[in-house]
Amino acid sequence: MSAPTSSQPKVSLPLVYQQDLFEEVCEQDQLVILARGLGLLHIITSLLHKYDAVGNNLVLLIGADDRENGWLGEALAEHAARSGTPEARGLKIINTEVASVSARAEMYKQGGIFSVTSRILVTDMLTDLIDCPKISGVVVLHSERVVATSIEAFILRIYRQKNKDGFLKAFSDNPEPFTTGFAPLATMMRNLFLRSPSLWPRFHVTVAKSLETKKAEVIEIEAEMTDSMREIQTAVLECIETSISELRKSNSSLELDDWTVDSALHKSFDVLIRRQLDPVWHRISWKTKQIVNDLTVLRRILHCLLTYDCVTFYQYLETILATHAPPPGSTRSSQSPWLFLDAAHTIFTLSKRRVYTGKADLSKKASGKVPFGLEPVLEELPKWAILAEVLDEIEKDGYFNPSHSQSSGSTLIMCSDQSTCRQLREFVQTMHDTPLENLKNQDDDLEKKPNRPSAAYMMRRKLRAYFAWKPDFAKLSALLYTGEPKNQSQSQGNFGGPSNNRPSSESFRGRAPPPNKRRRVRGGAAAASGPSRQNAGAVQVTEEQSAQVAALLAGVQPTEGEQNVKQEIGADPFENMEDYYEFYEMNNLIVVHPYDGDMDERLLDELRPRYVIMYEPDPAFIRRIEVYRSSHKDREVRVYFLYYSKSVEEQRYLSAVRKEKDSFTKLVREKGSMSVTLTLDAKAVEDPQEAFLRTVNTRIAGGGRLTATAVPPRVIVDIREFRSSLPSLLHGRNVEVVPCTLTIGDYILSPDICVERKSIKDLISSFKDGRLYTQCENMLLYYKNPMVLIEFDQNKSFNLEPFADLTGSIGQHDLQAKLVLLTIAFPKVKLIWSSSPYQTAEIFEELKRNQKEPDPLEAIKLGLEPGEEIAGAYNQTPQEILRSIPGINPKNIKLIMAEVDNLVELSNMEEKDISALIGKEAGKLVHRFFNRSAF
C-alpha cells in the first residue's frame, strides 16, 4: 500500500484544460491554484477515483468540509458505477461520530479513500494508530489555510518525516491569500512540503481556448436605481469615506495603502484592518475601535439597500439605531461617530420616505381608507419589474421556440443569500395579485393595466408586519439598557419621581449642567417628516402618534383579494399525497437558489436549465456557466445578467475580478523568480550524531552534571489542546508529543511539573465559573510544581488590559484582582506569562532541562476515582459542550456522564431527575438552560 498503482481508469473531464491539469497533477506533486468556478472538485474527484479504482491504496483527504465530503462521496460512487471498477470502495468519512479507536485502526488497515478531520488524524499519527509508511498519499483541500501554526501543517510534517515516498497534492481556488506578506508563495510551499506550483487563472491560454468553443447566450440588463436609493448609497459611501479618513488620522504609523473605499466594499477589509491593528489594539482609542466596527455595519447597509425591500431595510436601520444608541445619561462620545454626520440623517430620512410619507390629518380620515397626509409609498426595487419582464419573455420564448436540446426548459434564478431567495419567491408568487381597490389613488395606471406585475401585495403584507413588530421592538429597546422591569425604578432619578427626557431648569440647581446644555437646533418644522437628531446631535427616529399608526395600519388591511391568495404551507403531514401532489413539469419550473460555491455545479448538472437569471452578479458562477456550456455542447443556455448601474454592486463585482487577476499576476511573477523551495525540516533529516550533541547540557555550575541523551524530550499533551498551535510548535522543536486524555493539567513536562494552559478568553471564563480554582487544587494534590500558563496571541498585544482601562481603581471583580486572589490562595502555583505559542515552546524547553521524562500511563491515572476506567482518548466534543452548560462543574460532570447517555436525553429530563443526580441548585441551572425561552 506504500506506492500508488499506475492503473489508469476512465475519467470524465471533457475540457482540454481539465485534462492537461489532471495529467500534470498525476505526474508530480504540486500545489494547484485554480481560478474560482473552473471545476476544481471535478479534477479532485477524478484524481481520487484514479487511486480508488485500484483498490489497494490508502489515500487521506484533509481540509474538506461536510458539504464537500458529500459531493465527493457521491461523485466517486458515480465514477465507480460508470467505469465499472469493482475494486473501488468510495469515500469513507472519519469524524467525531466514529469514536472507536479499534474501528479506526481496522479501517486504516483495509485501505481506501479517507476524509479525516484534522484533530483525529494528528492524534492517530502521533499514536501510530495509522501506519504512516503505508500511506499512499495525501490530498489537501483549501491549501490557503495551511499556515505554519495550523494543524494541517502539523499533519504534513509528521507525514513527511515518516513517509518519504507517498504523494502529496494540494489544491486551492482562492489565490488572494497567496499574495500577502513577504514571499508568500514560497512560504506556503514550505508549509505544504511541496516544490512545484501550478497556476491556472482564467486568462490562461488553455483555459481561454477551452471555454470559447461553445459560449452561452448572455444578455446584460442594467437596472437604474431610484433617486432615493442613489442618494442613500451616496450618503453611506460618504460615511465610509469619513470613517476611513478618521482611521488614517488616528493611525498614521501603520501601512494604509489598502485603506480605501474600494477595499472597504469587500468582506476581507475587516480582516485586513484587524490584522494591522491587533498588535497595537491596547494603545488605540475607543473611537478607533468603534469606527472599525462601524465599517462592518456600513458595508452591510450598502448590501441591504440593494437586496432588501424598503420596509425591511428601514426596519433594519431602526435596529441599528437602537443597538448603537448610548445608555440614558451618557454623553455624545459614547455613540458611533458616523451617526453624527449629515449623511446619516439623509440615510434615515430617505429610508423612511420610501416606506410612507407625510403627516396625518386625522380630521379628514375616511374609514377603511388610507388617511389623508400619511400615505404608504412602498417603493419597489427596480430589479423586480425587470425580473417580471424577463420571466414573461422566457415564457413567450419557450412557447414560440421550443427547445430541441437536452436542456430541461426550466428557469434558474440565482441570488446572493436565502433572504433574497424568500423575497423573490414571494414576489414571483404574488406579482399578479394586486389589491387594486386600495391603490387607485397611488397609481392610476393600475386601472388601465390590471395585469401588470406588481409587488403591492407583498409590500402591504410587509408593512402590516412592520407595524405589528414595532411595539415589541420598542419594549425590547427600552429594556436594552435598563435590564429587568423590576430594576426600572432605579433609573427614575434621585428623588423617586419619574425622570423626564428634558428635565426642567430647576432640577439642575446645585448640580452641574447637563452635558447637552449647549446645542444647535436646525431644520425646524422639517424634523417632523423624518428622523430627527437628539440634543447631542445623533440621529433618532421620530415616533408617530399611535392614532397615526392606527390610521395607516387600517389603510393596508388585507383586502378580499389578498385574503384569497394561497399562503405558504408551514407544515404538511403528507396524507393522501397522490390526491394533492404530482411531479413538476420541468418546462414550467422556476427554481430560486442562492449562490453556494462549488455546489452550484451539481445544481446545473441536475437541473439542466435552459434559462438562468443572475439576479446579482457573481464572477465564480459566470465561469461555472461557461464550464457547463462548454462541457455539454448539446444543451442550450441563455443567461440574463442583472445588475444596478453605477452602484456598489457593480463596483464590487469589477473589483473582485480585478483583485483575482492581480493576485494571479503576482503569483506568476513570483513563480518565475522563485528559487527552489526546501520542503524538508532540518530536524526531519537530522544526523543522529547532531541529535546527540544537541541534547548535551553543558551547564554544570552549582553541582549540575554533564548529561546527554539521544532520546528526544517528551511532553504529554491533553487531547483537547490540539486545537491550539502549541503541540505543533513543540513537535517542530524535536519534542516527542504524546496525546492523552488528562484529568489533571494540559501539559505534563516531567513527573513533577504540570502546566495548565489558559488563553486570555479561557482565563476569563475559568474565573467566571470557578473552574480554575478547582484545577489548581487538583494540580497541587498530585504534582510538586504546578503552573498556570497565560498565553497571548502572537498577532495581538502582550497586554492584559488596554491602557485606557487602567486609569480607574481596580475592583475585586477585575481580572487583575482575581489573579492576585489566585496567587494568595495557591502560593505554590506559579504563573507563566507568554507572549505567543512560540515563546511557550521555548519556555517548555527550558523547564524540561535536567528533568526526568513523564510516564503517559501514570499521568492518565492521576485524578481518576477508584475503580474508574481510563476514558477514551477521542470524541471529546459532547464532553466539551457538557462542560459549558451552567451548573456543570468538574465534580458533577462525571455523574452526568455515568448516568446519562447523551445530551438529547439530558435536555429532555425533568428538573427533579437532574437534581437527584447533581444536587438541587445545579439541577435547577441545567434545567433552566435547556428550557429557557429565547423570546
Worksheet item: Any ion pair linking Arg461 and Glu426 (charged N to carboxylate O, less than 4.0 Å)?
Response: yes
Worksheet entry | Beyond-backbone contact of Trp200 with Ile43, side-chain heavy atoms, under 4.5 angstrom | no
Discussion item. Applying side-chain hydrogen bond (donor to acceptor under 3.5 Å, both in side chains), can you list everything that pairs with Gln233, at least two apart in sequence or on another chain?
Written reply: none
Which donor-acceptor pairs under 3.5 Å do the side chains of residues 13-21 make with protein atoms, sequence neighbours left out?
unit_1: Tyr17; atom_1: OH; unit_2: Leu38; atom_2: O; d: 2.6
unit_1: Gln19; atom_1: NE2; unit_2: Leu13; atom_2: O; d: 2.8

Worksheet entry | Presence of salt bridge, Lys383 and Glu649, under 4.0 angstrom | yes
Worksheet item: Going by heavy atoms in the side chains, are Val207 and Leu34 under 4.5 Å from each other?
Response: no
Practice prompt. Taking ring pair (Phe, Tyr, Trp, His ring centres under 6.0 Å) as the test, write out the residues that go with Tyr466, two or more places apart.
Written response: Trp469
Worksheet item: Nearest 0.5 Å, what's the CD1-CD1 distance between Ile413 and Ile613?
Response: 4.5 Å
Worksheet item: Is any side-chain heavy atom of Arg353 closer than 4.5 Å to a side-chain heavy atom of Ser228?
Response: no
Discussion item. Is it the case that the side chains of Glu616 and Thr307 hold a donor-acceptor pair, with the cut-off being a distance below 3.5 Å and no angle test?
Written reply: no
Item to complete: Give, for atom CG of Leu247 and atom CG of Leu295, the distance between the pair rounded to the nearest 0.5 Å.
Response: 6.0 Å
Item to complete: Provide the closest heavy-atom pair for Met431 versus Ala388 in the form atom of the first, atom of the second, distance.
Response: SD-CB, 4.0 Å
Discussion item. Rounded to the nearest 0.5 Å, what separates atom CG in Leu199 from atom OG in Ser663?
Written reply: 11.5 Å
Item to complete: State the CD1-CG distance between Ile590 and Leu391, to the nearest 0.5 angstrom.
Response: 5.0 Å
Worksheet item: Quick one: side chain to side chain contact (heavy atoms under 4.5 Å, CB included) partners of Glu144, sequence neighbours excluded?
Response: His142, Ser172, Asn174, Pro177, Phe178
Response to the item:
The ring pair (Phe, Tyr, Trp, His ring centres under 6.0 Å) partners of His42 (sequence neighbours excluded) come to Trp71
Fill in: Heavy-atom pair with the smallest gap, counting every atom of Phe427 and Met458
N-SD, 3.9 Å
Worksheet, complete the sentence: Sorted by chain and number, sequence neighbours left out, side chain to side chain contact (heavy atoms under 4.5 Å, CB included) with Asp397 holds for Asn401, Arg610, Tyr611, Arg638
Worksheet entry | CD1-CE distance between Ile622 and Met614, expressed to the nearest 0.5 angstrom | 4.5 Å
Worksheet item: Less than 4.0 Å between a side-chain N and a carboxylate O, is that true for Arg36 and Glu176?
Response: yes
Fill in: Under the salt bridge (charged side-chain N to carboxylate O under 4.0 Å, His left out) test, residues paired with Arg602 that sit two or more places apart
Glu74
Worksheet item: Thinking salt bridges, do Lys666 and Asp662 make one under a 4.0 Å N-O criterion?
Response: no
Worksheet, complete the sentence: Nearest heavy-atom approach of Leu317 to Phe348 is O-CE2, 3.5 Å
Discussion item. Side chain to side chain contact (heavy atoms under 4.5 Å, CB included) for Thr234 and Thr346? Distances and angles first, verdict last.
Written reply: CA-CA 10 Å; Thr234 304; Thr346 302; over 6 Å; no
Practice prompt. Grab the two heavy atoms, one from Val355 and one from Cys310, that are nearest each other, plus how far apart they are.
Written response: CG2-O, 3.5 Å
Worksheet item: Any side-chain heavy atom of Asp596 within less than 4.5 Å of one from Leu603?
Response: no
Discussion item. When you compare the side chain of Cys415 with that of Gln423, does any pair of heavy atoms fall below 4.5 Å?
Written reply: no
Discussion item. In terms of relative ring orientation, are Tyr314 and Tyr356 parallel, tilted or perpendicular, with 30° and 60° separating the classes?
Written reply: perpendicular
Discussion item. Taking CD in Glu241 as the centre, count heavy atoms belonging to other residues, nucleotides or ligands within less than 6.0 Å. Is the count above 12?
Written reply: no
Discussion item. So Val648 and Leu305, do their side chains get closer than 4.5 Å, heavy atoms only?
Written reply: no
Worksheet item: Can you check side chain to side chain contact (heavy atoms under 4.5 Å, CB included) on Leu381 and Tyr308, steps first, answer last?
Response: CA-CA 8 Å; Leu381 292 178; Tyr308 284 5; over 6 Å; no
Discussion item. Regarding Glu246 and Trp338, do their side chains bring together a donor and an acceptor under 3.5 Å, going by distance alone?
Written reply: no
Worksheet item: Would you find a donor on one side and an acceptor on the other, under 3.5 Å apart, between the side chain of Thr323 and the backbone of Ile320?
Response: yes
Worksheet item: For residues 212-248, which residue pairs qualify under ring pair (Phe, Tyr, Trp, His ring centres under 6.0 Å), counting only residues two or more places apart or in two chains?
Response: none
Practice prompt. Please step through side chain to side chain contact (heavy atoms under 4.5 Å, CB included) for the pair Ile625 and Leu604, ending with a clear verdict.
Written response: CA-CA 8 Å; Ile625 291 288; Leu604 291 171; 4.0 Å; yes
Item to complete: Please check if the side chain of Glu68 supplies one atom and the backbone of Asp65 the other of a donor-acceptor pair under 3.5 Å.
Response: yes
Worksheet item: Considering only heavy atoms from C-beta outward, does the side chain of Cys239 approach that of Ile347 to under 4.5 Å?
Response: yes
Worksheet item: Is the closest side-chain heavy-atom distance between Val637 and Pro609 below 4.5 Å?
Response: no
Worksheet item: Parallel under 30°, tilted from 30 to 60°, perpendicular over 60°: which one fits the rings of His632 and Tyr628?
Response: tilted
Fill in: Pairs flagged by salt bridge (charged side-chain N to carboxylate O under 4.0 Å, His left out) wherever residues 406-421 is involved - sequence neighbours left out
none
Response to the item:
Heavy-atom nearest pair, His303 first then Ser416, reads CE1-OG, 3.8 Å
Discussion item. Is there a side chain to side chain contact (heavy atoms under 4.5 Å, CB included) between Ser351 and Ile232? Walk through the geometry before answering.
Written reply: CA-CA 8 Å; Ser351 300; Ile232 292 174; 3.5 Å; yes
Worksheet item: Does the distance from a Lys or Arg side-chain N to an Asp or Glu carboxylate O, for Glu222 and Lys646, drop under 4.0 Å?
Response: no
Worksheet item: Considering all heavy atoms of both residues, which atom of Arg623 and which atom of Ala35 are nearest to each other, and what is their separation?
Response: NH1-CB, 3.8 Å
Discussion item. So, taking the atom named CG in Asp294 and the one named OG1 in Thr242, what distance separates them when rounded to the nearest 0.5 Å?
Written reply: 12.0 Å
Discussion item. By the definition side-chain hydrogen bond (donor to acceptor under 3.5 Å, both in side chains), identify the one residue from Asp618, Asp598, Asp600 that meets it with Arg624.
Written reply: Asp598
Fill in: Counterpart residues, ring pair (Phe, Tyr, Trp, His ring centres under 6.0 Å), relative to Tyr643 (two or more places apart)
Phe641
Response to the item:
Residues at least two apart in sequence or cross-chain that pass side-chain hydrogen bond (donor to acceptor under 3.5 Å, both in side chains) with Thr665, listed by chain then number, are none
Item to complete: Tell me, please, which residues at least two apart from Phe621 pass ring pair (Phe, Tyr, Trp, His ring centres under 6.0 Å).
Response: Tyr595
